[in-house]
Amino acid sequence: MAHHSRTGKSKHTGTEHAAFHPICAISDEQIRNGSKRPLAYATASMDDGHKIIHIRLRMNYGKPSLVTCLAGLAKKPGDAQFEYYARLADEGIAKYWSRTITLNGEEWHVRVEPERSAQGMPLTLANPGKPLLGNLSKRSRNPHPFFTGTLYYDENEGPDPDRSYAMTAAHEVGHPLLTHAFGAIWSWGHAGTSSILGKRYDSAPECPAQGEISLMLYYNSNTSCIIDGDSVFKRCIASENDVKTLIHISGRCK
């Protein structure tokens, strides 16, 4: 469930190898009205006059437990570090999950706003643990609601660790949302582009050279051109179907 920018070689191109999105079986009117089984930590409100959908996504960030730290699976960040990580996570969620969509032939602007709450989605913010433990102590994952996820800040994560962390936060937060809507196999399998353990399939699409890069998919490297990290950060966004899913499963303001 680590973020999707992990790529590898493939002879496939395009996004045709991602599976059919199950939200497509739900009508736009049903999406607008909301699910009968909404998330407890997300609330949507519709501004019909301005065609804006506001979604409040409540987050409950925490530090790794003493047991986790003693086991070498993580290191606890200081208070200032923790607040910095939380702010980066909030910025990533707002940036990558906010977008324009079409409902019933009309264009709507979706604005996702994270807010802190003890009743929010739990997510542990940590520094990497012992290197000898490999991915167990440094690879971000979020299997909520089965277990609480952990988001690692790795200062060695490419030339821009802050942007990488923010994008990874948005990706990992997406897993519980899609799990609630369509189950763990769909969510952890990255819409058919990986195994549920995060092994990218050879049949996964190549990272597109232009246009949107879907936040929740796994991609293989583009064989026709080199795509730099800055391009990925600028073009990555939650797909329209994933954002429609979030709208559908969010509760409604009464």
Side-chain angles (χ1 to χ4, degrees), residues 1-8 41 57 59-65 67-69 71-78 81-97 112 114 116 120-180 184 186-191 193-200 204 207 213-219 229 232-233 236-238 242:
M1 290 178 290
H3 70 83
H4 71 286
S5 61
R6 300 173 188 275
T7 58
Y41 49 81
L57 187 62
M59 299 298 302
N60 183 15
Y61 300 124
K63 295 182 180 181
S65 68
V67 172
T68 299
C69 293
L73 294 172
K75 291 181 180 177
K76 187 177 293 187
Q81 258 189 334
F82 177 83
E83 285 303 318
Y84 185 67
Y85 297 166
R87 181 173 63 80
L88 287 176
D90 284 344
E91 289 174 356
I93 294 166
K95 172 182 172 64
Y96 293 108
W97 280 92
V112 178
R116 314 284 178 84
M121 180 197 299
L123 186 61
T124 299
L125 309 182
N127 289 322
K130 294 180 179 178
L132 287 175
L133 295 177
N135 284 339
L136 287 175
S137 64
K138 67 178 182 180
R139 184 175 180 178
S140 297
R141 61 188 68 86
N142 193 4
H144 183 73
F146 306 103
F147 304 99
T148 298
T150 301
L151 190 64
Y152 292 98
Y153 183 94
D154 187 352
E155 61 184 11
N156 298 314
E157 183 70 31
D160 198 334
D162 282 9
R163 290 170 85 185
S164 181
Y165 184 85
M167 187 171 69
T168 299
H171 176 90
E172 295 302 341
V173 164
H175 278 301
L177 306 179
L178 298 179
T179 297
H180 179 90
W186 172 263
S187 175
W188 298 2
H190 301 92
T193 60
S194 80
S195 72
I196 62 171
L197 297 179
K199 179 177 173 55
R200 185 187 55 254
C207 188
I213 297 173
S214 180
L215 176 70
M216 298 305 296
L217 293 187
Y218 269 14
Y219 289 99
V232 173
F233 290 130
C236 183
I237 193 167
D242 284 342

Are [X] and [Y] side-chain neighbours, meaning at least one heavy-atom pair lies under 4.5 Å?
| X | Y | answer |
| --- | --- | --- |
| M121 | N142 | yes |
| N127 | Y85 | yes |
| Y84 | D162 | yes |
| P143 | P176 | no |
| T179 | H144 | no |
| Y153 | P161 | yes |

Looking only at side-chain N and O atoms, does [Y] offer a donor or acceptor that is under 3.5 Å from a partner on [X]?
| X | Y | result |
| --- | --- | --- |
| T124 | T150 | no |
| Y41 | N60 | no |
| Y165 | D154 | no |

[atom1]-[atom2] distance between [X] and [Y], expressed to the nearest 0.5 angstrom:
| X | Y | atom1 | atom2 | result |
| --- | --- | --- | --- | --- |
| H171 | R141 | NE2 | CZ | 12.5 Å |
| C69 | K63 | SG | NZ | 10.0 Å |
| C236 | R163 | SG | CZ | 11.0 Å |
| Y219 | I213 | OH | CD1 | 6.5 Å |

Among residues at least two apart in sequence or on other chains, which ones pass ring pair (Phe, Tyr, Trp, His ring centres under 6.0 Å) with Y96?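 Ring pair (Phe, Tyr, Trp, His ring centres under 6.0 Å) list for Y96, sorted by chain: empty.
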Suppose we screen for ring pair (Phe, Tyr, Trp, His ring centres under 6.0 Å). Which residues come up paired with F146, at least two apart in sequence or across chains?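 Residues passing ring pair (Phe, Tyr, Trp, His ring centres under 6.0 Å) with F146: W188.
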So, applying side chain to side chain contact (heavy atoms under 4.5 Å, CB included) with V173, which one of L123, L151, L215, V112 is it?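 By the side chain to side chain contact (heavy atoms under 4.5 Å, CB included) criterion, V173 pairs with just one of L123, L151, L215, V112: L123.
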S194: partners by side-chain hydrogen bond (donor to acceptor under 3.5 Å, both in side chains), with sequence neighbours left out: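 Checked S194 against side-chain hydrogen bond (donor to acceptor under 3.5 Å, both in side chains); matches are H190.
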Pair Q81, L125 - check side-chain contact (heavy atoms from CB on, under 4.5 Å), show working. CA-CA 10 Å; Q81 258 189 334; L125 309 182; over 6 Å; no
Where the side chain of [X] meets the backbone of [Y], is there a donor-acceptor pair that is under 3.5 Å apart?
| X | Y | answer |
| --- | --- | --- |
| S187 | H175 | yes |
| T168 | S164 | yes |
| R139 | S137 | no |
| W186 | L178 | no |

Pair R87 + E91, salt bridge at N-O below 4.0 Å: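 Yes, R87 and E91 are salt-bridged.
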